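Everything below concerns the one structure shown next.
Note that the structure is predicted; figures quoted are calculated from it, not measured.
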Amino acid sequence: VLSLPVNCRPCYNEDAVTLRVIPGPHQHRFTGEALATFTGNPYILSTRSDRMGYRLNGAALAHCHGADLVSQGMMLGEIQVPGDGQPIVMMPDHPTTGGYTCIGTVIRTDLPLLAQAQPERTEIRFDWTDVETAQILSRQMINTIDGGIQKEEMEWLYL
């Protein structure tokens, strides 16, 4: 059995989590106040969440050019904001296309933190980052996991 040593595992917190987000292609469709609200206010995971999308409750994000778009491709971690202004983070079973504005995308390394969030309990905050930082964090995570698994496997082989 393969496992990760405790020091290689993410630090899960059921009470609060901050997710790093790469700015999305539709930021110009949100008001300046909405962009500030997005990173300045907490959201709570809704009980209406599922493997397709994690719905968040909190301060509504106002659109200045409407929420609806022609259907576009979506990706894991994308944060869509429908007309009600409540963000939805796309999770593993998300649809392939969607028609709402994308304010940003949660970086891959932070998605496990969101996946462990507790509905109606975990406070979720967002913080802007860039692609370069996300790539560095992703490589670090892969190296940590690879190193941890390899180490565990080696120890197991010599027992």
Tell me whether the rings of H65 and H28 are parallel (<30°), tilted (30 to 60°) or perpendicular (>60°).
tilted
Under 4.5 Å between side-chain heavy atoms, counting indirect links through other Ile/Leu/Val/Met/Phe/Trp/Tyr residues: same cluster for [X] and [Y] or not?
| X | Y | result |
| --- | --- | --- |
| W128 | V131 | no |
| V21 | L111 | yes |
| L114 | I107 | no |
| V17 | M90 | no |

Please give me the minimum heavy-atom distance between [X] and [Y], naming the atom from each residue.
| X | Y | answer |
| --- | --- | --- |
| M74 | E78 | CA-OE1, 3.3 Å |
| A134 | I22 | CB-CD1, 3.9 Å |
| G53 | I88 | CA-CG2, 4.1 Å |
| D50 | M52 | OD1-N, 2.9 Å |
| N13 | T122 | O-CG2, 4.2 Å |
| R29 | D68 | NH2-O, 3.4 Å |

If you count every heavy atom of other residues, nucleotides or ligands that lies below 6.0 Å from R121 atom CZ, does the total exceed 12?
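Yes.
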Evaluate whether atom CD of E132 has more than 12 neighbouring non-hydrogen atoms of other residues, nucleotides or ligands under 6.0 angstrom away.
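Atom CD in E132 is not crowded, with 12 or fewer foreign heavy atoms closer than 6.0 Å.
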Answer whether the closest heavy-atom distance between the side chains of [X] and [Y] falls below 4.5 Å.
| X | Y | result |
| --- | --- | --- |
| Y12 | L113 | yes |
| I79 | V106 | yes |
| Q140 | L137 | yes |
| P87 | L61 | yes |

Main-chain N/O of Q116 paired with Q118 side-chain donor or acceptor, under 3.5 Å
yes
Is a side-chain N or O of S49 found less than 3.5 angstrom from the main chain of R55, in a donor-acceptor match?
yes
Hey, could you give me the [atom1]/[atom2] distance between [X] and [Y], rounded to the nearest 0.5 Å?
| X | Y | atom1 | atom2 | result |
| --- | --- | --- | --- | --- |
| M75 | R108 | CE | CZ | 6.0 Å |
| E123 | D15 | CD | CG | 9.0 Å |
| R139 | T109 | CZ | OG1 | 11.5 Å |
| T39 | R125 | OG1 | CZ | 9.5 Å |

Among N57, V89, L56, which residue meets the side chain to side chain contact (heavy atoms under 4.5 Å, CB included) test with Y43?
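Running side chain to side chain contact (heavy atoms under 4.5 Å, CB included) over N57, V89, L56 with Y43 returns exactly one hit, L56.
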Distance-only criterion, 3.5 Å: show the donor-acceptor pairs between side-chain atoms of residues 94-103 and protein atoms not counting sequence neighbours.
from : atom 1 : to  : atom 2 : distance (Å)
H94  : NE2    : L76 : N      : 3.3
T101 : OG1    : H63 : NE2    : 2.9
T101 : OG1    : V81 : O      : 3.1

Q86: which residues meet the side chain to side chain donor-acceptor pair (under 3.5 Å) condition with it, sequence neighbours left out?
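Result, side chain to side chain donor-acceptor pair (under 3.5 Å) vs Q86: none returned.
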Going by the rule side chain to side chain donor-acceptor pair (under 3.5 Å), which residues pair with D110 if we only count those two or more places apart in sequence or in a different chain?
R20
